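These notes concern the structure reproduced below.
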Number of protein chains: 2
Amino acid sequence: MTASKSAVQYGYHKGNLRDRLLETAQKLLQNEELSALSLRRVARDVGVAPSAIYNHFKSLDELLAAIAADGYRQIEALERVAYDTIADPEACLRHLTREYLHFAASNPSLYRLMFSRAVLGYRALPEVDEAGDTSFRVSVEWWYGSGSYDPSKSAIHYPYALAVWSLCHGAAMQMLDGMVTVGEAPEISVDALADALMNVFLRGALVGVPK
Amino acid sequence: MTASKSAVQYGYHKGNLRDRLLETAQKLLQNEELSALSLRRVARDVGVAPSAIYNHFKSLDELLAAIAADGYRQIEALERVAYDTIADPEACLRHLTREYLHFAASNPSLYRLMFSRAVLGYRALPEVDEAGDTSFRVSVEWWYGSGSYDPSKSAIHYPYALAVWSLCHGAAMQMLDGMVTVGEAPEISVDALADALMNVFLRGALVGVPK
DNA sequence: GCCGAATATGAACATCGTTCACATTCGGCG
DNA sequence: CGCCGAATGTGAACGATGTTCATATTCGGC
C-alpha cells in the first residue's frame, strides 16, 4: 500500500478530519433537531474520540460558528443570484423572499443554529459576524446602489434593507415555530406565505389598516 | 413561634416554592444571559435542592415554558393598551412597535427564551402555545375586526397581522444580536429604529426600490 | 394526636464540554 | 534510510448539567 495521502480511514491520522467533522455535523443538522447536535455526538458519528476535535477547533463554539457562517454564505449566494438575474425589482424581491423562506424551511436546524448565537454558548465569533455582515451588505448595495454600504453606519441607516431582512427573518422563525402551518405541501405553502408578505410589504400596510 | 403559614425560610417546607422559583428565574434572566439559567442554578439561588423543583414542575422545560408564557402575556398587555388607547391606526402601530422593541431591548434574555423553543429542550408546551396564539389573535382582531380570528386558519390568512409581527420580531432579533447598534442612548435609538421600520412598512417598499 | 399526602433532601446516573498525559503517525532533514 | 519534532488521535479524568429514587421531614384533615 503506497498510499501517498492517508488512504485508511481508521486508526490514527484519518486525514482531513476537520472537513469530515463539518460534513458530519451538517448532515446531522439535516436529519435531526438542533438539540441533537453535540460535540460528543459528532465525534461518535465520525468515529473519533471527542478530544480529537480540539486539534481542529478551539472549542465547540468554533465548530458551530463555522457551520453557521457557511449558512450565511448560502443565503448570500441566494441573494447574489436573485440580484444578478432578475432585473425587475419587484419580481426580484418576491423571488428572493421565496428562496429565503425555502432555505429556512429546508434547513430548519441550521437556520436555528445561525440565529441562536447568544442562546447557545457560542458568542459572535468573527467568522460568523463577517459572513452575516456580508449578506446584509449585499442587500444594502442592491437597495442603495453599489458601494453605498458603510460599515461604520448602523443598519438603521438602510431602512429598506433592514425591513426586508427583518420581515423575512421574523416570518421564517414563525414558520419554524409552527405559527404558520405549512401543511402537507410545503413548497406551495411557503411560496404563498412569501407572496402574502410581499403584497403587504411592497404596497404598504396603510391600505389595510382598520377603519 | 405560632406561625400559621410557614414563617421560616429554611429547612423543610418553605411554602410557595413554585412562585419563588419563577421569581428567582425571572430575576436571573434580568441580570444575566440566557445561558446562565439552569435548573441547578435556580435551585441554588433559592436555597433548595435541585430535586425539590420536581415537586412543582415536571421538568426544566415546564419552568421555562411558564416564564416564556408570562413574557407573551406581557406583550399581549402592551398590545391591548395600544389598541384600546390610541384611536389613530398609524399612531397606534408606531407606538406599539416602539413598545415591542423596548420590551425586547429591556428583557433580552427573556425575549431570547421566548423564541428559542426548539433550540432549548423545551418543545412547545400547551401553555406557551396558548399564550403565543393569544397575543397573535389580539393583533388579528385589531386588523380584521373583533371576532374575526379563526384558530383553524393559518396565520397566512391574516397577512397584515403576520407581517407586522414578523417585522417586529425580526428587527428585535437583529437588535439583540448586535446587527443594529443601539448606541449609548438605547431609548432614543430604539425609537428611531421603530420609526424607520414603520416608515417603510406603512408606505410600502415600492417607492424605495432601486431604479 | 395521628396518618396520609405533600414536600424537601441527598446520593446516584447518564450526558455534556473540556483538559491532560500519553500514544501514534506524518513530514522533513541529516 | 533513519531519526526527531510536529501534528494528530486516544483514553481517563473533572466539573456541570437534567433527572430519578429512596428517604426524611412537615403539613393538613380526621
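Here the structure is a predicted model, which is why all the values come from computation and not from measurement. Proteins get letters first, then strands, A, B, ... in listed order; numbering begins at 1 in each.
When the nearest nucleotides of DNA chain C are assigned to S38(A) and V48(B) by heavy-atom distance, the more 5′-ward of the two goes with V48(B). In terms of position along DNA chain D, the nucleotide closest to N55(A) lies nearer the 5' end than the nucleotide closest to the other residue of the pair N55(A) and R40(B).
In this structure, Y54(B) atom OH and dC13(C) atom C1' are separated by 13 Å, rounded to whole Å. Note: CG (L37(A)) to C1' (dC16(C)) measures 12 Å, nearest angstrom. Atom CG in L60(A) sits about 15 Å away from atom C1' in dA16(D), given to the nearest Å. As rounded to whole Å, 11 Å separates atom P of dT10(D) from atom CD1 of I53(A). A straight line from CD of E62(B) to P of dT19(D) spans 10 Å, rounded to a whole angstrom. One atom, CZ of R44(A), and another, C1' of dT15(C), lie 9 Å apart when rounded to the nearest Å. Atom CG of L28(A) and atom P of dC16(C) are 11 Å apart (whole Å). Summarising the geometry, the separation between CG on L17(A) and P on dC26(C) is reported as 14 Å, rounded to the nearest angstrom.
Base-pair partner of dA22(D): dT9(C) (Watson-Crick or G-U wobble, both distances under 3.5 Å).
Put simply, the residue from F136(A), Y111(A), Y100(A) that forms a ring pair (Phe, Tyr, Trp, His ring centres under 6.0 Å) with H169(A) is Y111(A).
Ion pair K27(A)/E23(A) not flagged as a salt bridge, since none of the NZ, NE, NH1 or NH2 atoms sits closer than 4.0 Å to an Asp/Glu carboxylate oxygen. Using a 4.0 Å cut-off between a side-chain N of Lys or Arg and a carboxylate O of Asp or Glu, R112(A) and D177(A) qualify as a salt bridge. A salt bridge links R73(B) and E127(B); the closest N-O separation between the charged side-chain nitrogens and carboxylate oxygens is under 4.0 Å.
If you check every strand for non-hydrogen atoms under 4.0 Å, S51(A) touches a base.
Not one side-chain nitrogen or oxygen of H56(A) sits closer than 4.0 Å to the OP1 or OP2 atom of dA7(D).
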